[in-house]
Protein chains: 2
Amino acid sequence: MPKQQASPPVVDLNADTPCCPPLAQRRVPAETAAALAPAFKALGDPVRLQLMSMIASAEGGEACVCDLTPAFDLTGPTISHHLKTLREAGLVDAERRGTWVYYRARPQILRQLAALLSIEPAPRA
Amino acid sequence: MPKQQASPPVVDLNADTPCCPPLAQRRVPAETAAALAPAFKALGDPVRLQLMSMIASAEGGEACVCDLTPAFDLTGPTISHHLKTLREAGLVDAERRGTWVYYRARPQILRQLAALLSIEPAPRA
DNA sequence: TCTCTGATTCGATGGACGTCAAGACAGGCG
DNA sequence: CGCCTGTCTTGACGTCCATCGAATCAGAGA
């Protein structure tokens with residue numbers, strides 16, 4: 001099967017600065033939506049949301065798969081599949097060190113997603 | 001078919017105050033993940049992300065279906081289906097006024113999602 | 001080198017999802 | 001009342017997804 005993922009980086013997911021104004025401020029363009037929707041989709045599963053949190057909140061900023069897997073009533077392959085999904089969405093990075101594989105959150109894209117959802121604190125007016 | 005959805009409100013999606021600390025601060029519990037994942041999932045489609053933005057950024061805080069539909073290369077039923085998904089995820093409210101139906105964003109849940117994704121501005125230390 | 005453990009990939013399966021055409025519903029207007 | 005316009009629901013179809021068991025890959029250690 002062909003590899004063919006490599007969506008063209010219409011929005012730079014690695015940028016340190018938020019790429020876009022809040023969703024409620026101006027209409028998000030189709031290209032931006034296409035670039036960021038996969039990240040939201042990846043977070044749209046309870047297991048992956050917990051995985052993301054466990055990784056992002058782990059001491060040292062990284063979590064071992066060996067610590068993640070037993071936290072769920074799921075098989076190893078399934079957890080591995082979810083981690084791959086998070087990886088392909090650009091939400092985490094993986095690094096093998098010896099026997100174990102460690103996952104680490106990518107704060108930039110999390111910041112971008114949070115910025116997109118941000119709302120004026122209170123519609124006082 | 002039986003109605004029976006009515007997931008018990010483990011997390012109050014209507015609360016004005018953020019329900020949860022940031023995802024990267026402490027591990028999000030399974031119940032919270034189960035409550036909020038559907039909202040992320042609803043935003044995980046490019047069309048719905050744009051719809052959400054068009055609604056949230058519309059003047060007067062509301063958008064008419066008649067203005068949303070022609071913005072996409074999709075049929076009316078498909079847009080209607082996406083709007084229903086956003087509605088069932090608690091992200092928008094719908095109101096019929098005469099011939100037209102208007103959708104309006106729910107800022108509370110957007111704030112909750114943004115708070116969950118929020119990250120310390122710079123990991124100094 | 002052989003084996004053991006941890007992690008991923010492969011293949012299959014049942015269910016959910018995005019989309020459309022056709023039909024139904026709601027409200028305004030002759 | 002009957003028609004028209006706008007919106008939603010229904011039914012169908014093809015694709016994607018979550019999950020598992022089995023097989024495979026990667027290092028570590030004897």
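Per chain, numbering begins at 1; letters A, B, ... match sequence-line order.
Atom CZ of A/R27 is separated from atom CD1 of B/I55 by 11.5 Å, given to the nearest 0.5 angstrom. For the atom pair B/L74 CG and B/S80 OG, the distance stands at 12.5 Å (nearest 0.5 Å).
Contact between the side-chain N/O atoms of B/Y102 and the OP1/OP2 oxygens of D/dT7 is not found at any separation under 4.0 Å. Between A/H82 and D/dT19 there is a side-chain polar atom (N or O) within less than 4.0 angstrom of OP1 or OP2. Proximity of A/Y103 to the phosphate of C/dA7: no side-chain N or O atom is located under 4.0 Å from OP1 or OP2.
Between the CG atom of B/L86 and the C1' atom of D/dC8 there is a distance of 15 Å, given to the nearest Å. Between A/E88 atom CD and C/dT8 atom P there is a gap of 12 Å when expressed in whole angstrom units. Across the protein-nucleic acid pair, B/L83 atom CG and C/dT19 atom C1' stand 15 Å apart, rounded to whole Å. In this structure, the NZ atom of A/K84 is 16 Å from the P atom of D/dT19, given to the nearest Å. Between the CG atom of A/L51 and the P atom of C/dT8 there is a distance of 11 Å, given to the nearest Å. Rounded to an integer number of Å, the gap from CG of A/D73 to C1' of D/dC20 is 13 Å. Note: CG (A/L74) to P (C/dA7) measures 15 Å, nearest angstrom. Atom CZ in A/R87 sits roughly 10 Å away from atom C1' in C/dA7 (whole-Å rounding).
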So B/Y103 and B/M52, side-chain contact (heavy atoms from CB on, under 4.5 Å) or not? Walk me through it.
-> CA-CA 9 Å; B/Y103 280 77; B/M52 190 68 213; over 6 Å; no

Begin from the C-alpha positions of A/S57 and B/R26 and carry the test side-chain contact (heavy atoms from CB on, under 4.5 Å) through to its verdict.
-> CA-CA 5 Å; A/S57 68; B/R26 59 156 60 55; 5.5 Å; no

Between B/T75 and B/T69, is a side-chain contact (heavy atoms from CB on, under 4.5 Å) present by the stated rule, with each step listed?
-> CA-CA 8 Å; B/T75 65; B/T69 304; over 6 Å; no

Worked verdict on A/E95 versus A/V101 for side-chain contact (heavy atoms from CB on, under 4.5 Å) | CA-CA 6 Å; A/E95 181 194 358; A/V101 176; over 6 Å; no

Measure all distances between protein nitrogen or oxygen atoms and nitrogen or oxygen atoms of nucleotides 21-29 of chain C, and list the pairs falling under 3.5 Å.
none

Expected rows: protein N/O vs nucleotides 15-17 of chain C N/O, under 3.5 Å:
unit_1, atom_1, unit_2, atom_2, d
C/dC17, OP1, B/K41, NZ, 3.2

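Within the 4.0 angstrom heavy-atom criterion, no nucleotide atom of any strand lies near B/F72. Residue contacts shown for B/I79 are absent, as no nucleic acid heavy atom lies under 4.0 Å away.
Between the side chain of A/R48 and the main chain of A/A42, a donor-acceptor pair closer than 3.5 Å is present. Remark: side-chain polar atoms of A/S53 are paired, donor with acceptor, to backbone N or O of B/L23 under 3.5 angstrom. At least one donor-acceptor pair closer than 3.5 Å links the side chain of B/R96 to the backbone N or O of B/G98.
For A/V65, the listed nucleotide lying nearest its side chain is C/dA7; candidates were D/dT19, D/dC8, C/dA7. Side-chain proximity of A/S80 to the nucleotides D/dT9, C/dG6, C/dT9 is greatest for C/dT9.
A salt bridge links B/R106 to B/D93: one of the charged nitrogens lies within less than 4.0 Å of a carboxylate oxygen.
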